[in-house]
J.: 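Input: one structure, supplied below.
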Amino acid sequence: MDNLIDLGDPTLLEGWQADLPSVGADLLARVAAWVKDRYEPGQTPADEPLVHHCANVALILARMHTDSATRATALLLALPDGVGEGADPVGQAFGADLSRLVRGTRALLKLGDLAREATGANASADRAERDSQKEMLRKMLLAMADDLRIVLVRLASRLQTLRWLVKQKTESAPSFARETLDLYAPLANRLGIWQIKWEMEDLAFRLLDPVQYRDIAKKLEEKRAERSLFIDQTMAELESLTKQAGISATITGRPKHIYSIWNKMQKKDIDFDHLYDLRALRVIVADEKQCYGVLGLVHAHWSPIGDEFDDYISRPKPNGYRSLHTVVADQDGRAFEVQIRTQAMHDFAEHGLAAHWRYKESGAPANQGGTAGADDRQLAWMRQLLAWQSDAGSDQGRMSNLQTESDRIYVLSPQARVIELPQHATPVDFAYHLHTDLGHRCRGAKVDGHLVPLHTRLQTGQTVEVLSTKAGGPSRDWLNPQLGFLASPRARAKVRAWFNAIELQQRMTQGQALVEKELQRLGKTAINLEQLAQQLGFAHADDLYVAVSKEEFSLRHIDAVFHPRADDNPLDPSAAMLERQPHREVQSSAGVLVQGVGSLMTQLARCCRPAPPDPIGGFITRGRGVSVHRSDCSSFLQLQRRHLERVIEVSWGDTTDNLYPVDVVVRAQDREGLLRDLSEVFARLRLNVVAVNTQSKGSLAHMVFTVKVSDGASLQRANKALASVDGVISVLRR
């Protein structure tokens, strides 16, 4: 079947060269001639002749208004896999840029096989895990493409494969169609390439559920004549209205897509006859002002239907889509949709980011209403949008936690599970991400089947296998940043925790030996060590051992338990000292009055961060004076139960000139600009934020602000103002 396509066909060449300047058209001609003499017969995994596939991919890219290099890349994919590697004949013939595009596209096409493996490997996982893996696959796909033109070629290739399968009436595996709906159609949506998205969805739906597809298609066909007559009459009415208003407008009937119809029926739980937008018009005008002018004409002539108006011009969709959408009804109650946009908005809606390079190549402005500089800013913005968090509610929800893909890499486990790691991550980071114990026992690694050193920096798309021992622990060398074993703060924390645990165990062993030696000296070898530790003010014997080994607790206090002096409190020498002080009140620098104590240091407990007028209590610590807690603090209540003799009465004194740190916990729907909006509240209230800790999980953000306040009233004002910020669910003091 390879002879069905002739790469030298002038008609084909004209199709590939459409809309290109002379330089770009010449490149396409040279590439077509070069490939024609070098390609070998072959087929794609869908049994489509390879040259047929590549020629049609180039035509799809031409209709997407891509640049000449992107179209040429599609033609060069017809070459055998070895061409473009090693000596790099593509680079020698057409330059490094085109060679890089070809290599990147080949790598991305191979990723399709890995994606299908991952989908199959995770078939038994729960929905949340599968959704997470889909998200990782999209990010991995983008990260492997350092040039977005590579992604465009991949999308065009997938679309051509779908067309081929439908045309051949091939029994395609449901996983292929599902992968298209889960991975490639959402990607086209993110890039704003609506024509590709819609056609992909329709073709995939046709392969996935041919019965439902034919049912909707049949219903559309049955009402086509009636709908066409209505559209023609309504177009004529609207055209007359715009002419009378002096507005030049292009009015067309808007095509309906079967998958979007089915999707809307499922989401809104309605039947076919209750869809408003089966009858739809599209109006294209010169500028934004005329968009709103036409909207006024439509609403004045027909009856608007409530809650069916969307202004995507003033509030664009996350992928940059801009248009006015409204639904109105005629005198007979027949509802229809009207979309109003400028030509520039329409071009972007149809081709999205794909058209950018055509304008860059030709030197023309990106749109009639903007400048090339504005288009560059739009491209940068679109690149940022590619790091999306979740597909749920993507059209209506706000984008949040945006970051560039260069900050992360995406590798695969041997089971084809996609793992997200920080840039410069190593096999050790990978092992700790999978499981802490696996990281501790990691002794080697294979990357794409080859043994590599543990400090090897991983790259997106690689498959990593960890080689481990049955037992053991990490090396201290892993904590040396100059050796490059770890890039993940999370992995470094796990290694430090392991060594801290080892050190703690050593201290406990050392301290226990010292305590037992002291008890032998005193002739008290039959003592219950847990009870002894509690008598000495420790919760457990292990705490006593650690304090002894760190020389924070003197062994003479053990002797005092068994041989108390008449003038000494065996439980706590510091408490005895307090009892000998004259009864008077002294105010600390924090504005706290300590009953009956002079010149004693006080500190506000970090666990509850008291501030006036909170009810407070004091606890005598070892070596750090009095720790002041809120009376309802759980830690203070536990201390009070265990060591009542060390609790002391305290109260607030003169707090006029003091500020007190408090923790404010904010839970909110995660969105772009949330942290900025919350910070503006503190700035407006003149409150100093000394620390911020933020965490995001799914669509929720959990933020803890440490703020200095003078009293409870200022804290209440802050909480009330924070609660009014858009998206905030709750504001609590911790």
Side-chain angles (χ1 to χ4, degrees), residues 436-437 440 471-476 479 493-581 594 597 599-608 617-629 633-648:
T436 301
D437 185 58
H440 292 338
S475 167
R476 287 193 179 273
L479 292 174
K494 290 182 177 181
V495 175
R496 280 194 296 266
W498 191 89
F499 284 111
N500 289 341
I502 294 296
E503 181 182 358
L504 180 63
Q505 185 61 47
Q506 291 173 346
R507 287 192 178 277
M508 286 193 296
T509 302
Q510 181 185 6
Q512 183 176 6
L514 292 172
V515 169
E516 291 176 348
K517 184 177 180 181
E518 177 67 10
L519 291 174
Q520 287 177 357
R521 186 184 69 80
L522 296 172
K524 305 292 183 180
T525 54
I527 294 296
N528 185 312
L529 293 176
E530 287 291 337
Q531 292 181 359
L532 175 63
Q534 292 173 8
Q535 283 184 279
L536 292 169
F538 295 94
H540 302 285
D542 289 344
D543 299 332
L544 170 63
Y545 302 151
V546 172
V548 170
S549 68
K550 294 171 70 175
E551 298 182 354
E552 294 177 351
F553 183 81
S554 175
L555 290 173
R556 67 182 178 84
H557 294 311
I558 298 178
D559 184 38
V561 171
F562 301 106
H563 304 96
R565 295 198 302 258
D567 61 343
D568 192 19
N569 184 340
L571 298 181
D572 193 347
S574 60
M577 177 199 70
L578 293 177
E579 292 175 359
R580 294 195 298 269
Q581 294 290 333
V594 183
V597 180
S599 302
L600 187 63
M601 179 176 62
T602 64
Q603 59 180 351
L604 300 178
R606 292 186 179 182
C607 55
C608 58
F619 183 81
I620 303 169
T621 66
R622 299 181 185 278
R624 298 194 305 274
V626 175
S627 178
V628 180
H629 296 256
C633 172
S634 59
S635 298
F636 179 67
L637 294 175
Q638 290 180 12
L639 293 170
Q640 196 172 26
R641 285 194 297 270
R642 294 176 182 172
H643 311 290
L644 183 60
E645 74 284 351
R646 296 168 64 182
V647 175
I648 190 170

J.: Minimum heavy-atom separation for G511 and V548, please, with both atom names.
T.: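 Closest heavy-atom pair between G511 and V548: O-CG1, 4.3 Å.
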J.: In Å and rounded to the nearest 0.5 Å, what is the CG to CG distance from L555 to L522?
T.: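 Separation between the atoms: 9.5 Å.
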J.: Within the structure provided, determine whether L639 and R646 are in side-chain contact (heavy-atom separation under 4.5 Å).
T.: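 No, side chains not in contact.
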J.: So, taking the atom named CG in L479 and the one named CH2 in W498, what distance separates them when rounded to the nearest 0.5 Å?
T.: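 Those atoms lie 11.0 Å apart.
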J.: Taking salt bridge (Lys or Arg N to Asp or Glu O under 4.0 Å) as the cut-off, I'd like each qualifying pair that reaches into residues 498-510, sequence neighbours left out, listed once.
T.: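 Residue pairs passing salt bridge (Lys or Arg N to Asp or Glu O under 4.0 Å), neighbours aside: E503-R507.
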J.: With rounding to the nearest 0.5 Å, note down the distance linking CZ in F538 to NE2 in H643.
T.: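 It is 9.0 Å, given to the nearest 0.5 Å.
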J.: Nearest heavy-atom pair of E530 and A539: which atoms, and what distance?
T.: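 Closest heavy-atom pair between E530 and A539: OE1-O, 4.4 Å.
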J.: Taking only residues at least two apart or on different chains, which pairs with a member in residues 509-521 satisfy side-chain hydrogen bond (donor to acceptor under 3.5 Å, both in side chains)?
T.: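 Sorted pair list: Q512-E516, E518-R521.
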J.: Could you measure the distance from the OG atom of S627 to the CG atom of L604? Nearest 0.5 Å is fine.
T.: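 Reported to 0.5 Å precision, the distance equals 8.0 Å.
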J.: Kindly write out the residues that satisfy ring-ring contact (aromatic ring centres under 6.0 Å, His included) with Y545, not counting sequence neighbours, or none if the list is empty.
T.: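 For Y545, no residue satisfies ring-ring contact (aromatic ring centres under 6.0 Å, His included) once neighbours in sequence are set aside.
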J.: About how many Å separate NE2 of H557 and CG of L532, when rounded to the nearest 0.5 Å?
T.: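 Atom-to-atom, L532:CG and H557:NE2 are 12.5 Å apart.
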J.: Nearest heavy-atom pair of F636 and H629: which atoms, and what distance?
T.: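 What the structure gives for the nearest pair is CB-CB, 3.6 Å.
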J.: Evaluate the side-chain proximity of F499 to P474: yes if any heavy-atom separation is below 4.5 Å, no if none is.
T.: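 P474 vs F499: side chains touch.
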J.: Which heavy atom of I648 sits nearest a heavy atom of F619, and at what distance?
T.: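 So the two residues come closest at CG2-N, 4.3 Å.
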J.: Can you tell me how far CG of L529 sits from CG of L544, rounded to the nearest 0.5 angstrom?
T.: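 Spacing of CG (L544) from CG (L529) equals 8.0 Å.
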J.: What pair of heavy atoms forms the shortest contact from H440 to K494, and how long is it?
T.: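 Nearest pair, atom of H440 first, then K494: CE1-O, 3.7 Å.
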